[in-house]
Amino acid sequence: MSDVYAQPTTGPEPATTCELAQYTTLRLGGPAGRVVAGTDADGIVRAVREAAEREEQVLLLAGGSNVVIGDAGFPGTVVLVRSRGLRVVAEDADTVTVRVEAGEPWDDLVATTVANGWSGLECLSGIPGSTGATPIQNVGAYGQEVAETITSVEVHDRVEGTVGSISAADCGFAYRSSIFKYADRWVVLSVDFRLARSPLSGPVRYAELARALGVQVGDQVPLADARATVLRLRAGKGMVLDATDPDTRSVGSFFTNPVLDVAAYELLRERAADIGEPPAWPGAGDVVKISAAWLIDKAGFGKGHLGPQGVAISSKHTLALTNRSGTASTASLVELAREIRDGVHHRFGVTLHPEPILINCTL
Ligand SMILES: Cc1cc2nc3c(=O)[nH]c(=O)nc-3n(C[C@H](O)[C@H](O)[C@H](O)COP(=O)(O)OP(=O)(O)OC[C@H]3O[C@@H](n4cnc5c(N)ncnc54)[C@H](O)[C@@H]3O)c2cc1C
């Protein structure tokens, strides 16, 4: 077991002013009661326990890339997850299991695995935020999701007051979901991933990625090629953070792709008959996953659609709502989200649900 990777913090440290906007990729969010940083697992647990003893509410915040925080902010203690480090905890001829501290920047981890010839995370390149947040919504992109490689998650259980491990089978992983999402019971301290020792990616599952790589769906490609191509595709959609690009001042996809049963899907097809076939993928069981971006676009909300105070749909991706002006409020972003959700429902009878966690604001 060895420390093979550790690096300095990349997120902002607690500041004298506690406007939470400085900690979120949307650059939105009002003041916090208090902000403290946990720089290792013990420090994170201590900060959470101390706040609980003072009977304050606690908000864990890492990269701030999947939260929409209200303009009134958060009255309790915000604990910034700033732990770092990665070590190999098990290995054999074919696999390596790495334990990664919660605050480790996700994309740095992916880059390290690709450089080491560890296959399994390469298609998740370029996703912002921390490693500890990836189990929360079972982060996924381009045909991969973390549920495929996570073996266990070390947590502080705030109800029992204990620290322990939850196996992947008990994490309730599903599409953009797990037992951790919308639950303040667990604080993720570290995550174990089992990765294949291979210079090649897993079989490419996503048609757009296969096309960009010039291969067939199901082919494998060098890890570095998969990573570079995913990064290029994502950058073209404003899905890699770039301080100079206001299209990336977002939470990525604002809405999840709706999952419909067959009857609801047939109803949608009828309502869309005049404009074409809604893009759909078979889901697990008797369900169909629909493209939220298609629904939004066809309901009349195209790329660049403007909302109040300079919030807007990204000019590169219909699913990303952005604080384009940089001076908007959360209320205006939520107003735009409501307009879109209601417009899609009116046109297609399908309800869109937000992907990020809403804190002190509602849709
Ligand atoms: C440009 C852009 C592109 C994106 N693309 C994708 C994508 O392709 N696929 C995808 O799945 N997501 C995507 N996202 C969403 C986001 O990056 C991921 O969900 C990411 O995992 C969030 O990490 P974070 O550290 O920023 O979490 P935060 O936003 O800080 O927190 C998110 C939630 O997790 C909780 N939390 C954070 N850390 C912990 C912890 N250690 N223990 C317990 N709870 C915790 C927080 O309280 C909050 O409820 C994108 C976001 C942006 C801005």
Side-chain angles (χ1 to χ4, degrees), residues 10-12 20 23-29 38 41 43-45 47-48 57-69 74 76-83 100-107 109-110 123-147 153-158 166 173 175-191 206 230-231 233-235 237-243 245-254 256-257 314 316-317 319-323 354-360:
T10 52
L20 291 172
Y23 300 114
T24 67
T25 53
L26 272 168
R27 297 285 174 257
L28 295 175
I44 294 167
V45 173
V48 169
Q57 293 179 58
V58 176
L59 171 65
L60 272 297
L61 201 57
S65 64
N66 210 29
V67 286
V68 182
I69 301 177
F74 183 77
T77 295
V78 172
V79 178
L80 299 176
V81 179
R82 297 287 184 259
S83 50
V100 190
E101 297 302 310
E104 194 66 37
W106 173 254
D107 193 51
L109 168 65
V110 177
C123 294
L124 303 174
S125 293
I127 297 178
S130 64
T131 301
T134 59
I136 311 273
Q137 71 157 8
N138 180 20
V139 156
Y142 293 96
Q144 248 173 16
E145 52 186 27
V146 290
V153 179
E154 187 194 27
V155 294
H156 165 52
D157 182 334
R158 296 178 59 198
I166 302 183
F173 287 130
Y175 166 60
R176 289 303 94 72
S177 180
S178 75
I179 57 167
F180 308 114
K181 198 161 178 180
Y182 308 117
D184 351 331
R185 176 169 177 178
W186 294 284
V187 179
V188 175
L189 302 175
S190 69
V191 187
Y206 205 78
V230 166
L231 286 173
L233 289 173
R234 293 185 67 94
K237 298 175 187 171
M239 286 288 163
V240 178
L241 289 185
D242 174 351
D245 181 355
D247 274 330
T248 73
R249 221 176 282 134
S250 78
V251 285
S253 300
F254 195 93
T256 53
N257 290 319
S314 159
K316 303 185 183 75
H317 196 316
L319 261 187
L321 307 192
T322 65
N323 173 9
E355 182 175 308
I357 306 289
L358 273 54
I359 294 157
N360 279 350

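As the structure lists them, so they are numbered: ligands from 1, and atoms in each ligand from 1.
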Examine Gly129 against ligand 1 and note whether any of their N/O atoms are separated by less than 3.5 Å. no

Report yes if some heavy atom in the side chain of Arg185 is under 4.5 Å from a heavy atom in the side chain of Asp157; otherwise report no. yes

Is it the side chain, the backbone, both or neither of Trp106 that has a heavy atom closer than 4.0 Å to ligand 1? neither

Considering only heavy atoms of Ile127, which atoms of ligand 1 have at least one such atom less than 4.0 Å away? 6 (C), 7 (C), 8 (O), 9 (N), 13 (C), 17 (O)

Measure the shortest side-chain to side-chain distance between Tyr23 and Val78 over non-hydrogen atoms and say whether it is less than 4.5 angstrom. no

How far is atom 28 (P) of ligand 1 from its nearest protein heavy atom, and which residue and atom is that? Gly64 N, 3.5 Å

Just let me know how Val188 lines up against ligand 1, side chain, backbone, both or neither, with a heavy-atom cut-off below 4.0 Å. both

Donor-acceptor contact present, side-chain Asp107 to main-chain Gly126, <3.5 Å: yes

Backbone, side chain, both or neither: what part of Asn66 comes under 4.0 angstrom of ligand 1, heavy atoms only? both

Main chain of Thr25, side chain of Ser65: is a donor-acceptor contact present, judged purely on distance under 3.5 Å? no

Regarding ligand 1, does Gly238 bring an N or O atom to under 3.5 Å of one of the ligand's N or O atoms? no

So if I count the atoms of ligand 1 from 1 in the order they appear, which ones are less than 4.0 Å from some heavy atom of Val187? 42 (N), 43 (C)

Heavy atoms only: which of Glu145, Met239, Lys237 lies closest to atom 1 (C) of ligand 1? Met239

Check whether any side-chain heavy atom of Arg158 sits under 4.5 Å from a side-chain heavy atom of Asp184, and report yes or no. yes

Just one of Asn66, Val153, Val188 clears the side chain to side chain contact (heavy atoms under 4.5 Å, CB included) bar with Ile136, so which one? Val188

Is the backbone N or O of Gly238 less than 3.5 Å from a side-chain atom of Thr248, with the two atoms forming a donor-acceptor pair by type? no

Which of the numbered atoms in ligand 1 are below 4.0 angstrom from a heavy atom of Val67? 29 (O), 31 (O), 32 (C), 48 (C)

Atom 9 (N) of ligand 1: closest protein heavy atom, distance to 0.1 Å, is Gly140 O, 2.8 Å

Any donor-acceptor N/O pair, Trp106 side chain to Leu124 backbone, under 3.5 Å: yes

Value rounded to 0.5 Å, distance of CZ in Arg176 from CD in Gln137: 5.5 Å

Test of understanding: given a 4.0 Å heavy-atom threshold, classify the contact between Ser65 and ligand 1 as side chain, backbone, both, or neither. both

Quick test: of every protein heavy atom, which one is nearest to atom 53 (C) of ligand 1, and how far off is it to 0.1 Å? Ser250 O, 3.2 Å

With heavy-atom distances below 4.0 Å as the criterion, list the atoms of ligand 1 near Trp186. 43 (C)

In ligand 1, the atoms that come under 4.0 Å of a heavy atom of Ala141 are 8 (O)

Please check whether Ser130 reaches ligand 1 - meaning an N/O of the residue sits under 3.5 Å from an N/O of the ligand, judged on distance alone. yes

Quick one: look up the protein heavy atom nearest atom 23 (O) of ligand 1 and list residue, atom name and how far away it is. Ala133 CB, 3.2 Å

Tell me which part of Thr25 gets within contact of ligand 1: side chain, backbone, both or neither, using heavy atoms under 4.0 Å. side chain

Atom 14 (N) of ligand 1: nearest protein contact (heavy atom, Å): Val251 O, 4.0 Å

Which is closest to atom 20 (C) of ligand 1 in terms of heavy atoms, Pro128, Gly63, Gly132? Pro128

Could an N or O of ligand 1 be found under 3.5 Å from any N or O of Arg234, whether backbone or side chain? yes

Looking at Leu61, which atoms of ligand 1 are within less than 4.0 Å of one of its heavy atoms? 30 (O)

Does ligand 1 have a heavy atom under 4.0 Å from the side chain of Ile44, from its backbone, from both, or from neither? neither

Indicate, as side chain, backbone, both or neither, the part of Ile357 found under 4.0 angstrom from ligand 1 when only non-hydrogen atoms are considered. side chain

Atom 47 (O) of ligand 1 - nearest protein heavy atom and its distance: Leu60 O, 2.6 Å

Test item: Leu61 and Phe74 side chains (from C-beta on) under 4.5 Å apart, heavy atoms: no

Looking at Asp247 and Ser314, would you say the former's side chain and the latter's main chain have a donor-acceptor pair under 3.5 Å? no

Show which atoms of ligand 1 fall inside a sub-4.0 Å distance from at least one heavy-atom site of Gly252. 2 (C), 3 (C), 4 (C), 50 (C), 51 (C), 52 (C), 53 (C)

Which protein non-hydrogen atom lies closest to atom 18 (C) of ligand 1, naming both residue and atom, and how far is it? Val139 CG2, 3.9 Å

If you measure every N or O of Gln137 against every N or O of ligand 1, does any of those distances drop under 3.5 Å? yes

From the candidates Ile136, Leu124, Asp245, the one that places a heavy atom nearest atom 45 (C) of ligand 1: Ile136

Distance-only, no hydrogens or angles: does the Thr77 side chain make a donor-acceptor pair with backbone N or O of Val58 under 3.5 Å? no

